[in-house]
Protein chains: 2
Amino acid sequence: MSHPAVHPVDVLLEPPAENAAAPPGVRMGYIKGLPGTKLGLVLRASQIFFATVAVVVMSTTSDFSSVLVFCLLVAFSGLQIFWSLAMALTNIRAISLKRKFQNRPAVIIFFAGDMISSLLMFSGACASAGITVLVNADQQDCSMNHCVQFQTSTCMAFVTWCIDLPSFMLSFWSFAAV
Amino acid sequence: MSHPAVHPVDVLLEPPAENAAAPPGVRMGYIKGLPGTKLGLVLRASQIFFATVAVVVMSTTSDFSSVLVFCLLVAFSGLQIFWSLAMALTNIRAISLKRKFQNRPAVIIFFAGDMISSLLMFSGACASAGITVLVNADQQDCSMNHCVQFQTSTCMAFVTWCIDLPSFMLSFWSFAAV
C-alpha cells in the first residue's frame, strides 16, 4: 500500500513510522504543528475560519468597495483562505496516510507560502486599521460609516495573522532543519 | 590595552583576532553586516538617514498631528532613529577596538531590538499608506491635504523598513548561531 508506484504522493511524503529505518528517538523529535500533524490542521482550520469571518463581515457593508484598502484586505484574506485550505487538505491527506512532510522542495514551498500570506495579512490589517482609526477616532464620523464592521473585519485579520505566526515559525524551523 | 579590567566593554566583545585560539578559517566565516563590521555601520547610518527624512517631511505638514496614525509613524521613526543610533555607536566602538560581538546576551538584545523596530516601522508605514491611498486615490482630496508630503514620508518609512530587513536577518542569523 505504501509503495511509491501505487501512491504518487509518496514522493513528497516520508515513509510510515513502522517502516522507517531511523530509531524511535528521531521520530519523537518531529515538530508538532507541521503538515501531517493534528496541531498543524487545527492552525489551518483556525486561519480559514477567522479569514472567512473577516471577508464576510467586510462584505456586509455596502461601501467597502469604494475604499481600495478594504478591497485589498478582502483580497488578501481570500488568498489566505485559499492557501490555508490547500495546506489543510495536504494535512488531512498526510494524516490519513500517517505520514509527514520532510523533503526539501515541499518544505521550501510551505515556508514561502506561509511567509507571503502572513506578510500580506499583516500589511492589509495594518492599512485597514489606519483607516478605521482615522474614521473612528480622528474624524469621529461613525454615523456615516460602518465603523463596527470595519473594526471587526480588521480585528479578525489581525487574529488570522496571529495564527499565521506559529505556522510560519514552524515552517521556518522545518526549512532551516531540512 | 585589551585586558578586561582596563576596558569593561570587553566582557561583551570577542578577543582580537590576533589573540584568538580559533583557526583562521573560523574567523573568515564571520558574517558581514553584524555589529563590529563596516557593512553593519552603513546599514545603521542608512536607517538613521531615511527615518530622519520620514520624520522631517511629515513634520513640515501643519496638520499631521490631527491624524493619530501619522503621529504614530513619527513616533516609530523616532524610536528607529534612537535604536539605529545606539547600534551605530556600538558599531563604531567595536570597529575602533577591532572587535566583534559574539556573546549570547548581546546578540539576544540586538535580535529583539531589530525585530521590534522593524515590526513597528512596517506597521506604521502600512497604516500611513492606507490613509495616503484613501485621501489620494479614493477621495481624490489632495487639494485640501499635503498628499506629497504624506506619500514621501510613508515611502521613506518603507525604505527604512527595507534597510531594517538585512539587519534583522543578520541579527537572527547571529542569534541562531550563538
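Below, chain A is the first sequence line, B the second, and so on; all start at residue 1.
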Under a single-linkage definition using a 4.5 Å side-chain heavy-atom cutoff for Ile, Leu, Val, Met, Phe, Trp and Tyr, are [X] and [Y] assigned to the same hydrophobic cluster?
X	Y	answer
Phe49(B)	Phe158(B)	no
Val42(A)	Leu170(A)	no
Ile116(A)	Leu72(A)	yes
Val55(A)	Ile163(A)	no

**Message:** Report which part of Val67(A) has an atom under 4.5 Å of a heavy atom belonging to chain B: side chain, backbone, both, or neither.
**Reply:** both

**Interface moiety of Ser123(A) toward chain B, non-hydrogen atoms closer than 4.5 Å** = both

**Minimal non-hydrogen separation, Cys126(A) against Cys126(B), with atom names** = CB-CB, 3.6 Å

**Message:** When you compare the side chain of Leu134(B) with that of Leu134(A), does any pair of heavy atoms fall below 4.5 Å?
**Reply:** yes

